[in-house]
Amino acid sequence: MEEMFHKKAEAMRRLVEAAEEAHLQHEEDPDLQYEYFNAVLINEADEQGNTVELGKEFILEPNDHFNNLSVNLSLSVVQVPTNMYNKDSAIVNGVYWSEALNKVFVDNFERDPTLIWQYFGSAKGFFRQYPGVKWHSDEHGVIAFDCRNRKWYIQAATSPKDVVILVDVSGSMKGLRLTIARQTVSSILDTLGDDDFFNIIAYNEEIHYVEPCLNGTLVQADKTNKDHFREHLDKLYAKGMGMLGNALTEAFTLLNDFNQTGRGSMCSQAIMLVTDGATQMYDSVFAKYNWPHRKVRIFPYLIGRESAFADNLKWMACANKGYFSQISTLADVQENVMRYLHVLSRPKVIDHEHDTIWTEAYMDDTLPHAQKMGENNSPLLMTTVAMPVFSTKNQTKNQGILLGVVGTDIPVQELLKIMPKHKLGIHGYAFSITNNGYILTHPDLRPLYQQGGKRKKPNYSSVDLSEVEWEDRDHVLRNAMVNRKTGTFSMEVKKTVDKGKRVLSMHIDYYYTDIRGTPFSLGVALSRGHGKYFFKGNVSIEAGLHDLEHPDVALADEWIYCNTEEHHEHKYLSQKQAIKLYLTGRKPHLKCDKELIQEVLFDAVVTAPLEAYWTRLALNKSENPDKGVEIAFLGTRTGLSRTNMFVVREQLNNQDFLTADDKEGVFNADHFPLWYKRAAEQVPGTFVYSLPFSSGIDNKSVVLASTAIQLLDDRKSPIVAAVGIQMKLEFFQRKFWTASRQCAALDGKCGLSCDSENINCYLIDNNGFILVAKDSSQTGIFFGEVEGAVMNKLLLMGSFKRVTLYDYQASCIVFVERSSSPQSLLDPYLAAIAAVKWLISELLIFMLEFNLYSWWHSDVTAKAQRLKGKTMLVPCDTEYPAFVSERTIKETTGNIDCDGCVRSFVIQQIPSSNLFMVVVDNKCDCSSAPPVTMEPIELIEHNESLKCERLKLQKDRKRPDSCHPFHAEENAMECGGALGLNPQPLVTLLALLCALLAR
C-alpha cells in the first residue's frame with residue numbers, strides 16, 4: 001500500500017512542478033483570446049448546426065478503465081462554474097498556461113495505468129480534468145461544481161484551523177440581511193474539515209452561543225457537528241443592539257482558553273465576523289488580545305449594499321492579517337467566503353511547502369461523471385491525494401499567491417484488492433483508518449442507505465472505527481492506530497453475516513501499523529483457527545495449467561494473482577491468461593504472486609476429478625430425476641471455484657447465484673462467500689442449509705447446502721475448501737414432509753405424524769429461522785414471531801441464547817410531515833425482515849432416497865406500521881438481538897402454562913446439520929404470549945445532559961504533521977476591499993440566475 005500511495009503522490013509532484021514552471025514562464029495578457037475545450041460546450045452545435053463558441057470537436061471513445069465512459073486519453077477539458085464568465089481574462093490566462101499539464105497527465109497515466117482522474121483546480125475557479133470527458137448540466141442548466149469548495153482543495157491549500165464565527169443578530173439584521181448572514185455562516189462551515197475546530201456565537205446586547213451546550217469550547221468540524229449547528233442557525237432572529245466589542249472579547253478569550261487545553265488544531269486561528277456594520281474599530285480589544293503577534297486573523301463579512309461602515313471593518317481585517325469582503329446578495333456569498341482560504345494559504349506558499357494531503361473516504365457525486373464510475377452507476381467511494389501549486393515569481397513572493405491544487409482519486413476498492421485475501425483466512429480482513437479515527441476501508445462500512453443505491457448517509461465519511469469494532473469499549477485498538485503505533489490486540493467479537501440476521505462468535509487477533517507517507521493506519525484482523533496455517537501442495541506447471549483452463553473453473557474476480565494493471569499491455573488479460581503467460585515466461589515484466597499461483601494450480605489439479613463426477617451424476621437420471629438439484633459448486637482457499645449446472649442457466653430458479661450480482665455468494669476483495677464462511681464455523685462433516693436473501697415461498701425459491709472440507713489427520717490443517725449444491729425449495733420441503741411420515745413401527749404406520757391437526761411441525765435452523773412449516777407463508781420467518789411462547793421457553797432452557805448486537809450505521813424511518821421529534825420506525829440495514837435469506841437447513845440429509853453426500857447478511861429491519869404520509873430514512877443507532885442454538889443440546893422437551901392449559905413441545909437436532917425439528921402441541925392456545933422478535937430498538941438519548949456530553953466528546957486524534965499559521969514576510973496589506981457595484985453585466989446575470997435556481 002505504501003508503494004501504491006507513493007506512486008500517486010509522485011504523479012502529483014510532477015504535475016506541481018510542471019504547473020509552477022508553466023506559470024513562471026507565462027506573462028499575464030488582459031487581452032488574451034484563447035479557444036479551449038470547455039467541458040460543457042465540447043461537441044455542441046447551435047440551432048443552425050454551427051459549432052458553438054468553445055465547443056470545438058472533441059474526440060471521445062469508451063474506455064473500460066473508466067467504466068466505459070467516453071473519454072479522450074490525449075487531452076484534458078476545462079470546466080468553469082456556471083456563475084463565472086468562461087472568457088474572463090483571468091480564467092483565459094490560467095487555462096492557457098495550464099495547457100502544459102496535458103503532457104504530464106498523459107505521461108503519468110502511461111507510467112501508472114491504475115490512475116483514474118487527474119486534475120488541477122485553479123484558484124480562479126476553473127477545473128482542468130484528465131482524461132477529457134463531456135460534462136452535462138442539471139435539469140436547470142446549471143453545474144454547481146466549484147473545485148475550490150471541495151475538501152481536497154481546502155485541505156491542500158490551508159493548514160488546520162480553530163475558528164470562531166460571530167454573527168450579528170441586532171435589530172438592523174432583520175429580513176434579507178439575516179438570510180444572507182445564515183447562508184454566509186453555512187458556506188463558512190462548508191470550508192471546514194475534520195482537522196478544523198469551530199463554534200458559532202450570535203451577539204446583540206448579549207452573547208448567545210448558538211448551541212448553549214457548547215458554551216466556552218470548540219468542537220471538531222465533522223459532518224455531524226456542522227449539520228447540528230446548521231439546524232440551530234434557523235432559530236436565530238434579529239433584535240436589539242449589536243455590542244461587537246463584547247463579542248470580540250468572548251471570541252479571543254475562547255480561542256486562547258481552548259488553545260491552552262492542548263486540544264483543537266493547535267495551528268491557525270481565525271474569527272469570522274458576519275455583520276452589517278461596526279461603529280468603531282475596537283483597537284483596544286485587538287491591542288489587548290491579539291497584538292503585536294496577531295496570531296488570530298480577522299475576516300469581516302459586511303452584509304448588505306451600504307458601505308458606511310466598510311472602512312472600519314476593512315481596517316480590522318488589515319490590522320489583523322485577515323481579509324474584508326462585502327456580500328450584497330445571496331449570489332455573492334460563496335465567492336466572497338472562499339477568499340479567506342487564499343489568505344490562510346499565504347504562509348504555506350511563502351514557505352514553499354508542498355504538503356501532500358489525503359482526504360477521508362468520500363463520494364463526490366457533484367461531478368456529473370463520478371457516480372457513473374461505481375457499480376450500477378452508484379457513487380464511487382474514494383480518497384484523494386492532492387498538493388498545492390504556488391506562484392514562484394519573485395515579484396509576488398511575499399503575497400503568497402496560491403495558483404491552485406492538483407489531485408487524483410484512488411477508489412477504495414483498489415485498496416481492498418491489494419490485500420492478500422488468501423493469507424487472511426476465511427473470516428480475516430484488512431481495514432484502514434485516518435488520523436481522526438474515521439474508516440477509510442472496512443468490509444463493514446455501509447456508506448449508502450441501500451446497497452446498490454445512490455443516496456448517501458450524511459455522516460458516511462466520518463464513521464469512526466469504534467462504531468464498527470464496537471466490542472472495543474475502551475478504544476484500545478482505535479487509539480493505538482490513531483497514534484500510528486505498531487502492535488497487536490485481541491478480543492472476543494460477534495460478527496454478523498447475512499446482513500445482520502446471523503451472528504458468528506469468534507476470537508480476533510488484530511495486527512496494526514502506520515502507512516508511511518500518509519495519515520492512515522492499516523489493521524489486519526485474523527480469526528483464531530483461520531489464517532494462521534496455510535496448506536501447501538506441489539504439482540507440475542503443465543498439469544496445473546491444463547486443469548486450470550477447464551471451462552468450469554473460475555478465479556476470484558477481485559483477487560490479484562497477477563498485477564495486470566501495472567502496464568498498459570497487460571490490462572486486457574484475464575487472470576487465467578496472465579498466469580499462463582507468467583508461468584511460460586512469455587511476459588517477464590508481469591508481476592505475480594508466485595505462492596498463490598502455486599497453490600491455485602494445486603487446487604485445480606486436486607479438484608479436477610469433480611468435473612467427471614458431476615458429469616456422471618448429470619447423465620444418471622435416477623440420481624436427480626426431477627431436476628431438484630440445479631447446481632453443484634466448490635470453492636477453495638485460493639479463490640478457485642468450480643461449478644456444474646444440472647439444468648440450463650435459463651431454467652435456474654435463482655440465476656444470480658455465483659454471479660457478479662450475488663455479492664455475498666462469491667469471492668470478493670474483502671470476503672469469502674457466505675456459504676463458505678458459515679460452513680467453516682460448523683462441526684467438520686456437517687452441512688449448513690440456507691435460503692438466499694429475498695427468496696419467496698413459490699417454486700422458484702431455492703435452498704443452498706454447503707459443507708467445509710478439512711484434512712482430518714494429526715497435522716493442524718486449515719479448512720481448504722467448501723462444497724455445496726443449490727436445490728429447489730419445493731424439492732427440499734417435499735423431502736422433509738416425506739421423511740416426517742416414515743415410522744419405525746413394524747406395520748410402518750405412524751401413531752402420530754406431522755399430518756395430524758393436533759400438532760404443528762417446523763424445521764428451523766440454528767438461528768431460529770423457519771425452513772419448513774405447514775403454513776408455507778411462514779417460510780423464512782423467525783420462529784419466535786410464530787411461536788413466541790415456545791421460543792421464550794427455549795431461551796429459558798438454554799436451547800437457544802439471545803445475543804445483543806449494536807448497529808451504529810443503522811437507518812430509521814421517520815415521518816417527514818411531523819414537526820415534533822418523530823417516532824422512528826427502524827430499518828437498520830435497509831431491507832426487509834419479511835424477505836428471507838433465512839438459512840434453511842439440512843433436514844434433507846435425513847433419510848430417504850436422497851443422500852447429500854453423494855452430491856459432492858440481511859438487513860435486520862423493523863416492521864413499520866403503515867401510516868399515512870411520506871417517510872424517509874435517516875441515520876440512527878440501534879440495538880437488536882440475534883439468536884443462536886446451543887450445539888451441545890441434541891434434544892429437549894418442555895411444557896408451557898398458557899391460560900389454564902399446558903402446551904407441550906419437543907425439539908430435536910437433525911444429525912449432521914444445522915437444523916432442528918420442532919413439534920408443538922397446538923391443542924392449547926398460547927397466542928396471548930408475546931412474540932419474540934428481532935426488531936431493533938433505536939438508541940435515543942432522552943437526557944439533555946447526556947446529549948450535551950456526547951457533543952462535547954472528543955476522541956483521540958492525531959494532528960497533521962504540517963502547520964503554517966503565519967509567516968514574517970507575509971504582505972498583510974492584501975486584505976480586501978469593498979465589493980464593486982458595477983461588475984460585468986453577464987457575470988451578474990449568471991450569478992443571479994444560479995442563485996435563483998439553487999432555491
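One-based numbering along the sequence shown. These numbers come from the heavy atoms of this one structure, side chains and all, not from hydrogens, waters or symmetry mates.
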For this session: Establish, from distance only, whether the side-chain atoms of Ser466 and Tyr808 form a donor-acceptor pair under 3.5 Å.
Result: no

Problem set entry | Note: Lys958-Asp514 ion pair, threshold 4.0 Å (strictly below) | no

Problem set entry | Residue from Glu471, Glu469, Glu681 passing salt bridge (charged side-chain N to carboxylate O under 4.0 Å, His left out) with Lys495 | Glu469

Problem set entry | Asp444 side chain vs Val468 backbone, donor-acceptor pair below 3.5 Å | no

For this session: Compute whether any side-chain donor of one residue and acceptor of the other, for Asp222 and Asn459, lie under 3.5 angstrom apart.
Result: no

Problem set entry | His442: partners by ring pair (Phe, Tyr, Trp, His ring centres under 6.0 Å), with sequence neighbours left out | Tyr429, Phe431

Exercise. With a 4.0 Å cut-off, would you call Asp194 and Lys226 a salt bridge?
Worked result: no

For this session: Mind checking ring pair (Phe, Tyr, Trp, His ring centres under 6.0 Å) for Phe229 and listing every partner two or more places apart, or none if nothing turns up?
Result: Phe198

Exercise. Taking NZ, NE, NH1 and NH2 as the nitrogens, is one of them in Lys421 or Glu558 under 4.0 Å from a carboxylate oxygen of the other?
Worked result: no

Exercise. For the residue pair Trp470 and Tyr806, does the interplanar ring angle fall in the parallel (under 30°), tilted (30 to 60°) or perpendicular (over 60°) class?
Worked result: perpendicular

For this session: May I ask you to decide if the ring planes of Phe667 and Phe672 are parallel, tilted or perpendicular, using 30° and 60° as cut-offs?
Result: perpendicular

For this session: I would like to know whether Phe800 and Phe783 meet ring pair (Phe, Tyr, Trp, His ring centres under 6.0 Å); could you show each step before the answer?
Result: CA-CA 11 Å; Phe800 276 79; Phe783 182 68; 8.0 Å; no

